[in-house]
Amino acid sequence: IYLFIPSSNVPTSNNPSIGLLEVGTLLDGINRYIFSTYRDTLIIFIVGIGILGAVFHLVFRRYVATPIQRLADWINVPGRDVVLDDGGEIGALAHSLSMTLQETEQKRKALERSNMKLKQKIEKKERDLRKAGQDLENAQYHLVRSGALSALGEFAAGISHEINNP
């Protein structure tokens, strides 16, 4: 109560008032209460954001960053077996990549086998070609020799004919 001013008039039916009463409260207490409420709310909000950030960090690291790092390690060293056991997109990507690398390795081995077979065929063809070349040279030698002997035989026959029939 701030102030009470008594009325000098006696209350009547026309004027029922006996005085003026001003009622109020001090704002200091209310202001302190509002400020402490705002401060407490702000502290709870900041702590909540911090906890949410920590939880998000842990979840992100567990389900995204760590599997990606393990996948990168696995890609960089294909001989090492890295197990990605989560069933999410990264695990599916790792499985798909693993299958692709296995298929690539199988195809590379098949290509190596095919190359070896082709090299063997080429070596065989080269041997056959060398043998055919040697056979051709031998045939040419015998042909030239036969031609020379034939010419010599004709020459001898001609001389013998001339001797017998002068």
Side-chain angles (χ1 to χ4, degrees), residues 27-166:
L27 295 179
D28 290 341
I30 293 175
N31 285 340
R32 272 186 265 134
Y33 175 75
I34 290 173
F35 175 74
S36 70
T37 303
Y38 284 148
R39 184 190 64 220
D40 293 347
T41 303
L42 182 63
I43 289 172
I44 290 171
F45 180 73
I46 290 172
V47 168
I49 292 291
I51 291 172
L52 223 73
V55 168
F56 177 75
H57 172 73
L58 292 175
V59 168
F60 180 80
R61 186 172 178 173
R62 165 94 166 98
Y63 293 106
V64 177
T66 300
I68 288 175
Q69 182 61 46
R70 291 172 68 197
L71 181 62
D73 291 344
W74 183 75
I75 290 170
N76 291 334
V77 185
R80 183 170 54 177
D81 187 23
V82 176
V83 178
L84 294 173
D85 54 357
D86 68 347
E89 292 88 3
I90 294 173
L93 176 65
H95 179 70
S96 175
L97 184 59
S98 173
M99 297 302 291
T100 302
L101 289 176
Q102 288 176 1
E103 288 176 13
T104 303
E105 184 65 20
Q106 290 172 355
K107 288 180 181 180
R108 185 188 62 79
K109 287 179 181 179
L111 187 60
E112 284 180 1
R113 285 191 300 270
S114 177
N115 282 342
M116 288 300 292
K117 287 178 184 178
L118 286 174
K119 283 181 183 179
Q120 291 171 352
K121 285 181 180 180
I122 289 172
E123 289 172 357
K124 183 181 182 302
K125 295 284 183 184
E126 286 175 347
R127 283 192 305 267
D128 291 347
L129 188 59
R130 270 188 251 122
K131 185 177 182 304
Q134 288 174 350
D135 291 346
L136 182 60
E137 286 177 9
N138 287 338
Q140 286 176 340
Y141 172 75
H142 289 297
L143 188 60
V144 168
R145 189 168 175 215
S146 296
L149 289 176
S150 172
L152 183 62
E154 285 180 25
F155 179 69
I159 290 179
S160 169
H161 178 72
E162 287 297 324
I163 292 177
N164 288 334
N165 293 329

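Remark: F155 CZ to L149 CG distance equals 14.5 Å, nearest 0.5 Å. Between the NZ atom of K121 and the CD atom of E126 there is a distance of 14.5 Å, given to the nearest 0.5 Å. The CG atom of L152 sits 10.0 Å away from atom CD of E154, with the distance rounded to the nearest 0.5 Å. The distance from the CD1 atom of I122 to the CG atom of N115 is 9.0 Å, given to the nearest 0.5 Å. Atom NE2 of residue H57 and atom CZ of residue F60 lie 9.5 Å apart, to the nearest 0.5 angstrom. Here D40 contributes atom CG and T37 contributes atom OG1; the two are 6.5 Å apart, rounded to the nearest 0.5 Å.
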Residue pair Q140, L136: steps toward the side chain to side chain contact (heavy atoms under 4.5 Å, CB included) verdict
CA-CA 6 Å; Q140 286 176 340; L136 182 60; 4.3 Å; yes
When you look at R127 and R130, which way does the side chain to side chain contact (heavy atoms under 4.5 Å, CB included) test go after all the steps?
CA-CA 5 Å; R127 283 192 305 267; R130 270 188 251 122; 4.1 Å; yes
Dump the intermediate steps for side chain to side chain contact (heavy atoms under 4.5 Å, CB included) on I43 and R39, then the final yes or no.
CA-CA 6 Å; I43 289 172; R39 184 190 64 220; 4.0 Å; yes
Assess whether salt bridge (Lys or Arg N to Asp or Glu O under 4.0 Å) is satisfied between K109 and E112, documenting all intermediate values.
CA-CA 5 Å; K109 287 179 181 179; E112 284 180 1; over 6 Å; no
May I have the step-by-step check of salt bridge (Lys or Arg N to Asp or Glu O under 4.0 Å) for K119 and E123, ending in yes or no?
CA-CA 6 Å; K119 283 181 183 179; E123 289 172 357; over 6 Å; no
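Using a distance-only test at 3.5 Å, with no hydrogens or angles considered, no donor-acceptor pair links the side chain of S160 to the main chain of A156. Counting only distance, with no hydrogens or angles, the side chain of S146 and the backbone of H142 share a donor-acceptor pair below 3.5 Å. Formation of a donor-acceptor pair under 3.5 Å by the S114 side chain with backbone atoms of A110 is not found in this model.
With a 4.5 Å cut-off on side-chain heavy atoms, D128 and K124 count as touching.
Within a 6.0 Å radius of CZ in R145, other residues, nucleotides and ligands contribute 12 heavy atoms or fewer.
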